[in-house]
Novice: 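Mind having a look at this structure? Questions to follow.
A, B, ... follow the sequence lines: proteins, then strands. Residue 1 opens every chain.
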Amino acid sequence: MSMIQPVRGTRDFYPEDMAFRSWLHGKIRSVSEAFGYQEYDGPFLERLELYAAKSGEELVKEQAYVFKDRGGSEIALRPELTPSLARMVAQHGKAVLLPLRWWSFGPFWRYERTQKGRSREFFQWNIDLIGVDTPAADAEVVAVGASLLKAVGLTPELIRIKVNNRRLVESQLGNLGISGQMLGKTFQVIDRREKMDAAAWRAYASDQGLSETQLEGLEEMLGDLNAWKRSEELVSFFASTDALGVSEFVEYDPTIIRGLDYYTGTVYEARDVAGNHRAILGGGRYDDLVSAVGGDPISATGFAMGDVVFQLVLEESGALPEIRSNPANFFVTTFDDESTEESMRLATELRSAGFRTEWYPEAVRLPRQFKYADRQGIPFTLILGPEEIQNGTVAVKDMHTGEQENVAREELITYLERLL
RNA sequence: GUGCCUGUAGCUCAAUGGCAGAGCGCCUCACUGUGGAUGAGGAGGCUGCGGGUUCGAAACCCGUCAGGCACCCCA
């Protein structure tokens with residue numbers, strides 16, 4: 001038993017798993033394209049410097065897979081896509097047609113301890129709208145996210161997209177005398193509010209250097225569900241999500257802050273209402289990132305959604321679709337050695353007519369072939385034995401109802417067309 | 001990086017320190033021109049690995065590897 005272990009935090013995609021991944025990719029494609037977004041992708045390998053400036057210390061230093069290539073360059077397996085996108089936009093310079101709407105679905109890597117909802121190799125949907133700094137642009141991107149939730153049968157009772165605005169938070173904290181270096185620490189304090197009980201949280205807050213009055217002000221601030229009305233950006237944002245028909249999914253949440261350093265304005269994340277899981281998607285406005293990687297200043301907004309938590313939430317909600325991993329609709333049995341080639345010709349005939357057809361590659365006992373077709377979930381089985389060959393017919397069995405009919409070979413294609 | 005828990009058949013799990021088992025799945029047969037249902041039979045194990053304690057270890061101890069969960073961070 002010295003089987004080689006798979007790399008920790010990776011997943012094997014057996015056909016059923018792959019079918020889910022493809023299904024998700026398809027749903028994502030269809031909602032993204034419904035809003036006119038174009039599919040793109042960046043390289044899986046990037047120079048480490050690309051992330052060093054703006055992604056956040058921990059993500060780069062602790063979690064990125066980094067190695068030196070044979071030329072001595074420090075290379076990272078991409079831990080996220082947004083910096084690549086910013087680089088691609090920056091490199092196109094003035095040639096890009098704005099507003100730019102792009103989406104992508106692909107693999108990412110982060111070296112962290114695996115746990116529920118977190119693997120080291122995962123897939124992400126990224127979607128971004130670049131070149132427009134209006135709150136309506138943020139709202140559109142959020143609406144695409146909400147459209148995916150709808151498209152897979154997740155409701156506002158199950159999932160909410162929680163929204164806040166960094167400029168609002170910074171001005172609120174400014175009023176409490178919190179700015180500069182304390183800002184980052186206070187973000188951490190806010191972020192941890194839901195994970196700790198009240199007493200521990202207060203202790204943690206004062207450890208971080210918040211005064212008693214600042215702490216009181218902070219608590220009041222985090223309890224004020226109407227604070228968004230003082231942010232022109234958020235007022236406009238919520239009016240837009242309303243106009244886009246997704247307001248039931250969207251709500252203001254003063255505790256949302258987001259970890260990545262490059263966010264500048266409105267930020268949001270989707271959470272399951274029951275609170276069993278991590279964020280399903282997260283994103284926001286990042287107006288300085290393109291210039292940070294050397295391009296002209298361009299405003300941008302977008303989010304990423306990981307496949308792992310999304311799948312957990314779908315499983316839990318029962319919204320997971322029945323996915324058949326075998327693509328064939330027809331199964332051709334092989335009766336005996338003499339008729340093997342005739343069966344192959346039949347299968348070929350079906351494929352030429354555009355039917356996805358699987359053929360059993362060995363003349364084993366029929367029960368075994370039927371059992372195989374059944375397990376594979378192929379809906380129709382065709383039998384071509386000596387009798388059928390002599391009569392110029394094919395027996396077609398509906399595996400679901402068990403009904404079987406002898407069909408003349410000339411009429412077969414028309415008959416099968418009617419079955420689908 | 002820190003802490004807690006768990007490794008037994010393909011899968012899910014049993015087994016007071018005393019013969020390593022069940023259910024599901026798989027294979028065969030009843031039924032050699034028909035899958036699912038039923039019944040009968042069968043295959044499948046270095047109990048993760050290495051050491052120790054013991055007359056005796058799947059069980060207890062140490063180490064190691066792997067997995068799960070939480071913290072950190074984040075999709």
Side-chain angles (χ1 to χ4, degrees), chain A residues 1-11 14 24 28 55-64 78-82 104-127 145 187-188 191-192 195-196 200 204 257-261 263 267-271 276-284 302-313 331 333-336 339 360 363-390 395-404 406:
Chain A
M1 273 281 267
S2 59
M3 221 181 293
I4 308 250
Q5 300 279 355
V7 174
R8 187 190 185 109
T10 61
R11 291 167 293 165
Y14 287 85
L24 179 59
I28 284 169
S55 288
E57 291 278 298
E58 171 115 9
L59 181 55
V60 178
K61 289 191 177 158
E62 312 287 340
Q63 296 192 340
R78 61 181 190 184
E80 58 162 338
L81 188 59
T82 308
S104 184
F105 182 78
F108 296 85
W109 295 267
R110 290 182 194 173
Y111 190 87
E112 63 181 333
R113 287 291 287 265
T114 56
Q115 53 188 300
K116 195 171 191 175
R118 284 294 173 269
S119 57
R120 288 180 172 179
E121 179 179 67
F122 55 96
F123 281 74
Q124 256 189 6
W125 173 32
N126 278 262
I127 183 158
F187 282 177
Q188 297 241 317
D191 196 46
R192 233 165 273 190
K195 291 171 184 166
M196 307 172 87
Y204 174 73
I257 213 69
R258 310 295 310 147
L260 294 176
D261 293 341
Y263 292 124
V267 291
Y268 42 83
E269 59 186 45
R271 310 290 303 223
N276 296 333
H277 300 283
R278 297 154 178 281
I280 297 160
L281 64 83
F303 68 79
M305 185 192 84
D307 67 323
V308 181
V309 174
F310 192 75
Q311 183 169 357
L312 288 173
V313 169
F331 178 77
T333 56
T334 294
F335 191 84
D336 53 25
S339 63
Y360 203 89
V364 296
R365 296 178 57 245
L366 269 191
R368 194 172 154 141
Q369 299 188 42
F370 269 93
K371 195 165 189 169
Y372 174 81
D374 183 45
R375 298 286 162 86
Q376 287 288 319
I378 302 173
F380 299 100
T381 297
L382 279 64
I383 307 97
L384 188 62
E387 278 178 33
E388 286 82 6
I389 291 176
Q390 183 159 14
V396 180
K397 181 164 184 174
D398 182 325
M399 296 298 278
H400 186 63
T401 64
E403 283 166 26
Q404 183 169 323
N406 285 311

Novice: Provide the distance between the two P atoms, one in B:A59 and one in B:U6, to the nearest whole Å.
Specialist: 14 Å

Novice: Confirm from the modelled atom types if A:Arg110 and B:A75 form a donor-acceptor pair under 3.5 Å, side chain to base only.
Specialist: yes

Novice: Do you see a donor-acceptor pair shorter than 3.5 Å between the side chains of A:Gln63 and A:Arg120?
Specialist: no

Novice: Please give, in whole Å, the distance from B:C74 P to A:Ile257 CD1?
Specialist: 12 Å

Novice: Charged N to carboxylate O under 4.0 angstrom, A:Arg78 versus A:Glu80?
Specialist: no

Novice: What's the separation between atom CG in A:Asn126 and atom CZ in A:Phe105, rounded to the nearest 0.5 Å?
Specialist: 10.5 Å

Novice: Nearest to the side chain of A:Gln115, which nucleotide is it out of B:A75, B:C72, B:G33?
Specialist: B:C72

Novice: Could you state the atom-to-atom distance from CD of A:Gln369 to P of B:U32 in whole Å?
Specialist: 15 Å

Novice: Would you mind telling me which residue lines up with the more 5' stretch of RNA chain B, A:Lys116 or A:Ala279, judged by nearest nucleotide?
Specialist: A:Lys116

Novice: How is A:Ile383 classified with respect to the nucleic acid when contacts are heavy atoms under 4.0 Å: base, sugar-phosphate, or nothing?
Specialist: base

Novice: Specify the closest pair of heavy atoms between A:Thr333 and A:Ile383, including all atoms of both residues, with the distance to one decimal.
Specialist: OG1-CA, 3.4 Å

Novice: Is any side-chain nitrogen or oxygen of A:Gln376 closer than 4.0 Å to OP1 or OP2 of B:G35?
Specialist: no

Novice: Rounding to an integer number of Å, can you tell me how far A:Glu112 CD sits from B:C74 C1'?
Specialist: 6 Å

Novice: So, do A:Phe122 and B:A75 meet the stacking rule of ring centres under 5.5 Å and planes under 30°?
Specialist: yes

Novice: Please give me the minimum heavy-atom distance between A:Gly117 and A:Val309, naming the atom from each residue.
Specialist: O-CG2, 3.6 Å

Novice: How is A:Ser339 classified with respect to the nucleic acid when contacts are heavy atoms under 4.0 Å: base, sugar-phosphate, or nothing?
Specialist: nothing

Novice: How many whole angstroms separate atom CG of A:Leu81 from atom P of B:C74?
Specialist: 18 Å

Novice: Counting only side-chain nitrogens and oxygens, does A:Arg368 get under 4.0 Å of the OP1 or OP2 atom of B:U28?
Specialist: yes

Novice: Heavy atoms only, 4.0 Å cut-off, all strands: where does A:Gly283 land among base, sugar-phosphate and nothing?
Specialist: nothing

Novice: Looking only at N and O atoms, is any donor in the side chain of A:Arg118 or the base of B:C74 less than 3.5 Å from an acceptor on the other one?
Specialist: yes

Novice: Have a look at A:Ala304 and say if it touches a base, only the backbone sugar-phosphate, or nothing, with a 4.0 Å heavy-atom cut-off.
Specialist: sugar-phosphate

Novice: Does the pair A:Asp398 and A:Gln404 meet the rule for a side-chain contact (heavy atoms from CB on, under 4.5 Å), with working shown?
Specialist: CA-CA 6 Å; A:Asp398 182 325; A:Gln404 183 169 323; over 6 Å; no

Novice: Give the dot-bracket string for RNA chain B, reading 5' to 3', where a pair is Watson-Crick or G-U wobble with both distances under 3.5 Å, ( ) marks pairs inside the strand, [ ] marks pairs crossing earlier ones, | marks a partner on another strand, and . marks unpaired.
Specialist: (((((((..((((....[..)))).(((((.......))))).....(((((..]....))))))))))))....

Novice: So, does A:Arg365 get its side chain near the phosphate of B:C29, meaning an N or O under 4.0 Å from OP1 or OP2?
Specialist: yes

Novice: Between A:Arg192 and B:C73, is there a contact of a side-chain N or O with OP1 or OP2 at under 4.0 Å?
Specialist: yes

Novice: Should the ring pair A:Phe331 and A:Tyr372 be called parallel, tilted or perpendicular, given that the plane angle runs from 0 to 90° and is split at 30 and 60?
Specialist: tilted

Novice: Would you kindly check whether a donor in the side chain of A:Lys371 faces an acceptor in the base of B:G36, or vice versa, at under 3.5 angstrom?
Specialist: no

Novice: Could you tell me how far B:G56 sits from B:U16 if I compare only their C1' atoms? Round to whole Å.
Specialist: 15 Å

Novice: Are A:Arg365 and A:Asp336 within salt-bridge range, i.e. N to O under 4.0 Å?
Specialist: no

Novice: Taking atom P of B:C73 as reference, at what distance in whole Å does atom CZ of A:Phe187 sit?
Specialist: 14 Å

Novice: Answer yes or no: does a side-chain N or O of A:Thr381 lie under 4.0 Å from OP1 or OP2 of B:U34?
Specialist: no

Novice: Between the base of B:G35 and the side chain of A:Gln404, is there a donor-acceptor distance below 3.5 Å?
Specialist: no

Novice: I need the CH2-P distance between A:Trp125 and B:C74, as an integer number of Å.
Specialist: 21 Å

